[in-house]
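No experiment lies behind these values; they were computed from the predicted model shown. Hydrogens, waters and symmetry mates are skipped; everything else that's a heavy atom, side chains included, is used. The chains referred to below are lettered A, B, ... by the order of the sequence lines, with proteins before strands, and numbering in each begins at 1.
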There are 2 protein chains.
Amino acid sequence: MIILGVDPGLTRCGVGVIEAGVHRRLSFIHVDVVRSSPDLSQDLRLLAIYNGLVEKIERFAPDTVSIERVFAQDNRNTVLGTAQAAGMAMLAAAQRGIPVALHTPTEAKLAITGNGHAQKVQIERMVTRMLNLTKMPTPADAADALALAICHALRPAGALQGGEREQHLTTAQRQWAEAAQRSAHRRRISADRGM
Amino acid sequence: MIILGVDPGLTRCGVGVIEAGVHRRLSFIHVDVVRSSPDLSQDLRLLAIYNGLVEKIERFAPDTVSIERVFAQDNRNTVLGTAQAAGMAMLAAAQRGIPVALHTPTEAKLAITGNGHAQKVQIERMVTRMLNLTKMPTPADAADALALAICHALRPAGALQGGEREQHLTTAQRQWAEAAQRSAHRRRISADRGM
């Protein structure tokens, strides 16, 4: 299963591609950043991000696109551009019939380090180790996109179904499942509000 | 000159099309709402909005797409979906080389009623009168999309250039120009911040 992770941004949009094999064996495929120049108008910036993401999706033909969920209370100066970049990734996937998964930064941190408040450097180290890389992926900030792909690959089977499977989970997996459930709950509330 | 106005939204996205002729003579062409079901996942909702907007843009071949500018401090429950819907309109226009103009609700209200704080019903009445319609456009909430198109058609020639032309403007036009300049200033600040 090929998973393409997207760390959305208007100036820098991280893309990380991995393969998740049997027994959740992970392999690194690709990491890059799609950029748009702040000198362009907003519509041309979105077009640049969209075109860059389409190129990656068509090249790696992922089974799932895993995108960081954006929240309205995120950094006010950039949140709308970030949400719109995430929208470009969602559209590019939906147009090709590829399922989209949204994961929160907390879910990604928990899945990778077992700690929902892990520091950036811990994430980068764990991503490097989990993908058997000899050095940190570059550009460094694209590690977040790989983390989102890994997060989706490692999601507990019972994460969104809840219930009986959870007794077999490790502490980290259980925390992850709880975070995913809280997020799903929030998602339902948002959907009810017409978001 | 054909102008297609977009009042962005994820559940209801208003579309209004007008023609602005010589002496700023305005004619009504089309008004409608593009919808997406709240039962769909976010990616499929964005795809529905995008496809609906593409259909309108290809059908009416506008010279400009005029979209309501979204602000991060807008309604927190819907602002991200609204920004993403606006992003779909920007992308659909940019892919076809059609210029995009962003106008704030205050600019639209000022352009149409001379009052930046005008009520919804005043906007609807003025839109009806300016387009020589015999009754209010339906669906009623699509009047905002027509207002955005009219706002772009009536923008003062010196609005964004500022300076010497403004002495010839009416009070309403001067207020509009000032609002546009404040918005352009905010836009430059946002661009500097990498939005």
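Linking Ile, Leu, Val, Met, Phe, Trp and Tyr residues whenever their side-chain heavy atoms come within less than 4.5 Å places A/Ile150 and A/Leu133 in a single cluster. Under the 4.5 Å side-chain heavy-atom criterion for ILVMFWY residues, a single connected hydrophobic cluster contains both A/Ile49 and A/Phe60. In the hydrophobic clustering of this structure, B/Ile2 does not group with B/Leu148; members are Ile, Leu, Val, Met, Phe, Trp, Tyr whose side-chain heavy atoms approach within less than 4.5 Å, directly or through other members. Under the 4.5 Å side-chain heavy-atom criterion for Ile, Leu, Val, Met, Phe, Trp and Tyr, A/Val17 and A/Ile98 are members of the same hydrophobic cluster. Put simply, A/Val15 and A/Val33 are part of two different groups of oily side chains (I, L, V, M, F, W, Y) that touch within less than 4.5 Å, one to the next.
The shortest distance between side-chain heavy atoms of A/Leu91 and B/Asp43 does not fall below 4.5 Å. In this structure, A/Val79 and B/Leu80 have side chains that are in contact, with non-hydrogen atoms separated by less than 4.5 Å. Between A/Gln42 and B/Val100, every side-chain heavy-atom pair lies at or beyond the 4.5 Å cut-off.
Residues passing the salt bridge (Lys or Arg N to Asp or Glu O under 4.0 Å) test with A/Asp144, sequence neighbours excluded: A/Lys120. B/Leu40 meets the side chain to side chain contact (heavy atoms under 4.5 Å, CB included) test with B/Ser37, B/Leu44, B/Arg45; sequence neighbours excluded.
Within the structure, the ring-ring contact (aromatic ring centres under 6.0 Å, His included) test picks out no pair touching residues 116-144 of chain B (sequence neighbours left out).
Panel note: side chain A/Gln84, backbone B/Ala83; a donor-acceptor pair is recorded below 3.5 Å.
When the heavy atoms of residues 50-59 of chain A are compared with those of chain B, the residues falling under 4.5 Å are A/Tyr50, listed by number.
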